[in-house]
Amino acid sequence: MASGYKQIEEKWQKRWQAERLQISEADERPKFMIIFAYPGVTGYLHVGHMRGYTYADAISRFKRMDGHNVLFPVGTHATGNGAISLASRVASRDPDTVDYLLRNGCPEESLKLLETPEGVVDFFNDVYVNDYWKRFGFLCDWRRFTSSIRPDYNRFIQWQFRKLMDEGLLIQKPYYAPACVECGPVAVDASETDLSKGGNAEINEYTLLKFRCGDEYLIAATLRPETVFGQTNFWVNPEVEYVRVKVDGEIWVLSEPASRKLVHQIDDVDIMDKIPGRDLLGRMCEAPMIKREIPVLPALFCDPNVGTGLVTSVPSDAPDDLIALRQLQRDPEWMRSLGMDPSIADIEVISIIDIDGYGPCAAADIVDRLGIEDGNDPRLLEAKKQVYKDGHHQGRMNSNCGAYQGLKVEEAKLRMRDDMLNSGEARMFYDLSEEVVCRCGKPVMIRRVDDQWFIDYGDADLTSRTKEHCRTMDIFPTEYHNNVQGVLDWFRERACVRQGNWLGTRFPFDDNWIIEAISDSTLYPVYYLISPYANDGRILPEHMTESFFDFVILGKGESADVSKETGVSEEVLVRIRDDITYWYPLDLNLGGKEHMTVHFPAFLFNHQAIMPEHGLPRGIFVNWYITGKKGKISKSKGGAQPIPGAAEKFGVDSLRLYYSHVASPFADVEWDEDIVVSYRLRIEKVMRMVDELRTLDGEEEGVADFWILSRLSRHIQSTRAHMDSFDLRQLANVVYFDIPNDLRWYLRRGGRCKSTARTVIDSWLRMMCPITPHSAEEAWESFGGEGLISNADYPVSMGTDASSELAESYLRDVLEDINEIVRVTGMAPTKLHLYTAPEWKSKVSEMAVLMAREGNLSIPALTKSAMQDEAVRVHGKAASEFAKKTAQDTMRRSPAELERLSAPMDENSLLQQAKSFIEDEFGCNVAVHSADSESIHDPQSKAKAAAPLRPAIYLE
RNA sequence: GCGAGGGUUGCCGAGCCUGGUCAAAGGCGACAGACUCAAGAUCUGUUCCUGUAGGGGUUCGCCGGUUCGAAUCCGGCCCCUCGCACCA
């Protein structure tokens, strides 16, 4: 069976191609332009990635059927070093890499191609387009395909940056970034594309504190500059050899590794000589800010690779310092052996920060609470984290902290740091939290970049204009519509260029820089309107000058002038310009949730900065992920299998329906093959039902036909309404679940009408087409539908028939009641009596509904007006009881329900009509009585229980 | 810690904005019956507790409040997930 899918899929994909369905050209129709955020070319994708892409295709197919001229272009983002590093791993035939490639279906002979970055990009561009998107039946305009490292794209990006410069949004300032001492800038990230070690490292911002000690300075590195008022002593590791370096005419003492890092961050650092830690012990040094002399004491925990290898001691708030100090005080022999007088360690802890839930010295508190005595106790790390966290967020500087008293720790930290920086007592120093090693084997360090370019997303005017525009956009989920306002505020300057091993566009103002990945993927949707002309050679990269883009994108200048300058024919220029005015703005940009705080804000800002008002994007749709158990797509469950393999195994339409329906797009879903299989079964079931409908050959239309046609119209209306907010899940729910359920009822009710069946099939298949186009085409063909269903119109409601829908739901209610009685009594009835309510009860109900709608329904009011009616009053006590009950019931109804209750219905004739149906259902004779009639058969006097819309039932 | 999202009946997952038709859609699973030589498929019924007459009872993380009425609105709490931050 599974192989059958592939044939059908290929058959229809070829037909679509042959009939040029995917070609989008401007015309008279309203347009709809949709993209998904193009993926980075980083290797093979897994089945989870297809979720968002599938939404985009299904939405675009719906829009196409709904009368829009749809443009759905795709491309890839190759900027960065992913391809470079993959190529180098292939070139060296790294076994893991080769295995990964082959396992995912890479032909052995392609490995050669993958040895260059360009080869990697070409190869995967092909995989994405053919094995993923075309394989899934997407109707994309493939002529427009582009990739961010193509020369024409590069020209576009350079233009974008010139525009940003014109707007004053490119700024330069110093920046501290990781770099290999040999290869230059590298990316420190968990995937370790550039690295052989340390991908999880973070950049720590240390404050270097200078302690005057004779004519030199001991340099301590701290992450907590706000604790200087608690300094009691200085720690040096007696077993480490430190170095003296000359900085700005001063002599600094710090660890040798620190000195090697420092040269990348501070100019003119001269390394002079070495000095054993022992030689520093016992000296006094002057602590910064507080200008107090404190002693230099020995501690083995000072690591030369962390910070400067020298530590200032704040035992009140640093558990390490406290433990070291206590150990020292317990062990005078060690001090003597180092030639020191133990009394020098008689030190009082100074309390500086008040934290709720802690005593005056947080470090002592937590260390004592946990019973930590030894510096090697593994719990010390935990204690440290806890104290820092609590101190940082809840702490307040106390009366020992001079001018900073009363400040929150968070605030004091920045102020005290800045004050010390200004007074020359401190310098900044950046370091990685763990050892990071480049692929080349050399260490990675933080390097100061003086002239780093940034895009100034912090610009107040740009931010407020962008926020304003976002309020007018369609942004889904609606939570993000609100949230994006905050995200835009939070977005600040972003380093937009980098040096080193990196694929991308050269920075137009300085050839040494290459534009980084987030910055060259913001305005690109508009480039899909130019790319086809570049792809077929009508324009060449060298034609793409500033005035070219100014003309086609911004409409600046005259076509004749631009033609003369660029050498592009006027006709082509005008056509591109016309295309852009027709297709832009982008109607929907669809991307995964990771884009919410990265790509979408940049996308919005760049459009706002560069494009005129009418070019600003109209919509954003964010989709969540398909995950595996515990966050990874599990190999054993097959999720990690290649996408083409999943397509083969389950069928493309099954996967498309799975993505569309399995959950709200705004929630992560755990991948589970069994669920995909159940969607495959669902499609099969639906198709069987279509087949069954096709065999119907009845001539007459009956109540069931009126009913199903009304239901169909209702479903058409509701799916159209749902798709206004791109709610594919609701569409899928109606088409693949609600409609089959209704059809089951139709058949059960004896519906056999050929013309009804044809109407239903015709509409129903069209409704399937956005999500399961291959199956829909196949069934459409068997049905004898005209042309391609993918090219057909989405059905239009023929109008609903409320009374027939009410009648059927009434009948279902009656059936349900009978059923329940049968079940509860355990009877197998031989005869079934139904008694509809007498006329006078209907009168009372009508009165109640009327009074409720006018808002003056109450028990006495209803009773009173009911009793004024002669026909009611003759029923005496029964009448007043019924009025009371009816009033109570009706008062609780919502307006919508009152509406329903007020619709007229002849229950008796309805039941008479359905008599044979009910007889078939229960396999017994049915008699329908009106409680009004005289001398009815009613041995257990059930008839008196009859109420409007609730006939009494008696089983024999 | 900040920001965002979430906790619904065996499971998945609607509902919550716009309170009443909600014991709460739909699917899956399970059970029973029909069809069938049989299996599968299909159809029907059941699937919180309870009930030999269509009823009653207790539910939607926990506690409280508003209301004639709360899964839905308000306040507090607990837990989970994700960003960001923090951490010599």
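The chains referred to below are lettered A, B, ... by the order of the sequence lines, with proteins before strands, and numbering in each begins at 1. Every value quoted in this text rests on a predicted model; they were computed, and no experiment measured them.
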Trainee: Out of B:A53, B:G26, B:G54, which nucleotide sits closest to the side chain of A:D817?
Mentor: B:G54

Trainee: Who does B:U52 pair with, Watson-Crick or G-U, both distances under 3.5 Å?
Mentor: none

Trainee: Please report the distance separating the P of B:C35 from the corresponding atom of B:A30, rounded so that it comes out in whole Å.
Mentor: 22 Å

Trainee: Is it true that A:E226 and A:R417 make a salt bridge, defined as a side-chain N closer than 4.0 Å to a carboxylate O?
Mentor: no

Trainee: From CD of A:E684 over to P of B:G40, roughly how many Å is that when rounded to an integer?
Mentor: 16 Å

Trainee: Any side-chain N or O of A:K685 below 4.0 angstrom from OP1/OP2 of B:G40?
Mentor: no

Trainee: Given the rule in the side-chain hydrogen bond (donor to acceptor under 3.5 Å, both in side chains) test, do A:N733 and A:H661 qualify, once you have shown the distances and angles that lead to the verdict?
Mentor: CA-CA 7 Å; A:N733 211 46; A:H661 185 261; 2.8 Å; yes

Trainee: Measure from the side chain of A:M827, starting at C-beta and using heavy atoms only, and say which of B:G13, B:G54, B:A53 lies closest.
Mentor: B:A53

Trainee: Do A:H929 and A:H833 get their side chains close enough for a donor-acceptor pair, meaning under 3.5 Å?
Mentor: yes

Trainee: Which listed nucleotide (B:G26, B:G45, B:A88) is nearest to the side chain of A:V306?
Mentor: B:A88

Trainee: From CG of A:L681 over to C1' of B:G29, roughly how many Å is that when rounded to an integer?
Mentor: 13 Å

Trainee: From B:G55, B:A53, B:G45, pick the nucleotide closest to the side chain of A:Y954?
Mentor: B:A53

Trainee: So what does A:A318 hit on the nucleic acid, given a heavy-atom distance under 4.0 Å: a base, only sugar-phosphate, or nothing?
Mentor: nothing

Trainee: Kindly point out which of B:A88, B:A41, B:G54 is positioned nearest to the side chain of A:R688?
Mentor: B:A41

Trainee: When rounded to the nearest Å, what value does the distance between P atoms of B:G5 and B:G15 take?
Mentor: 16 Å

Trainee: With C1' as the reference atom in both, quote the distance from B:C82 to B:A24 in angstrom, rounded to an integer.
Mentor: 29 Å

Trainee: Which of these nucleotides, B:G54, B:A88, B:G83, is closest to any side-chain atom of A:T597?
Mentor: B:G83

Trainee: Any strand counts, and the cut-off is 3.5 Å on both contacts for Watson-Crick or G-U wobble. Which nucleotide pairs with B:A71?
Mentor: none

Trainee: Are OP1 or OP2 of B:U44 and a side-chain N or O of A:R744 less than 4.0 angstrom apart?
Mentor: yes

Trainee: Could you please name the partner base of B:U42, counting Watson-Crick and G-U wobble pairs only when both distances are under 3.5 Å?
Mentor: B:A34

Trainee: Measure from the side chain of A:V311, starting at C-beta and using heavy atoms only, and say which of B:U42, B:A88, B:C84 lies closest.
Mentor: B:A88

Trainee: Under a 4.0 Å N-O cut-off, is there an ion pair linking A:D691 with A:R694?
Mentor: yes

Trainee: Measure the distance from OH on A:Y810 to C1' on B:G54 and round it to the nearest whole Å.
Mentor: 13 Å

Trainee: Quickly work out the A:I675 CD1 to B:C11 P distance and round it to whole Å.
Mentor: 14 Å

Trainee: Given B:U44, B:G55, B:A53, which nucleotide is nearest the side-chain atoms of A:R748?
Mentor: B:U44

Trainee: Between A:E594 (CD) and B:C82 (C1'), how many Å, whole number?
Mentor: 12 Å

Trainee: Salt bridge check: are A:R714 and A:E805 linked by an N-O gap of less than 4.0 Å?
Mentor: yes

Trainee: If I take atom CH2 in residue A:W490 and atom C1' in nucleotide B:A4, what distance separates them, rounded to the nearest angstrom?
Mentor: 12 Å

Trainee: Taking the C1' atom in each of B:G7 and B:A41, what is the distance between them to the nearest angstrom?
Mentor: 38 Å

Trainee: Sticking with atom P, work out how far B:A71 lies from B:C60, rounded to a whole angstrom.
Mentor: 7 Å

Trainee: Just compare B:G45, B:A53, B:C86 and give me whichever is closest to any side-chain atom of A:K413.
Mentor: B:C86

Trainee: Testing the basics here: between A:G591 and A:A37, what is the closest heavy-atom pair and its distance to 0.1 Å?
Mentor: CA-CB, 4.3 Å

Trainee: Write down the distance separating the C1' atoms in B:C43 and B:A4, rounded off to the nearest Å.
Mentor: 47 Å

Trainee: With rounding to whole Å, what would you report as the distance between B:C80 and B:U18 at their P atoms?
Mentor: 31 Å

Trainee: Calculate the interatomic distance between A:D738 atom CG and B:A25 atom C1'; express it in whole Å.
Mentor: 8 Å

Trainee: Could you tell me how far apart A:I821 (CD1) and B:G45 (C1') are, to the nearest whole angstrom?
Mentor: 16 Å

Trainee: Now, which nucleotide makes the Watson-Crick or G-U wobble pair with B:C82, with each of the two distances under 3.5 Å?
Mentor: B:G3

Trainee: Among B:G5, B:C28, B:U52, which nucleotide sits nearest the side chain of A:E479?
Mentor: B:G5

Trainee: Can you tell me if A:T312 and A:Q231 form a side-chain donor-acceptor pair at under 3.5 Å?
Mentor: yes

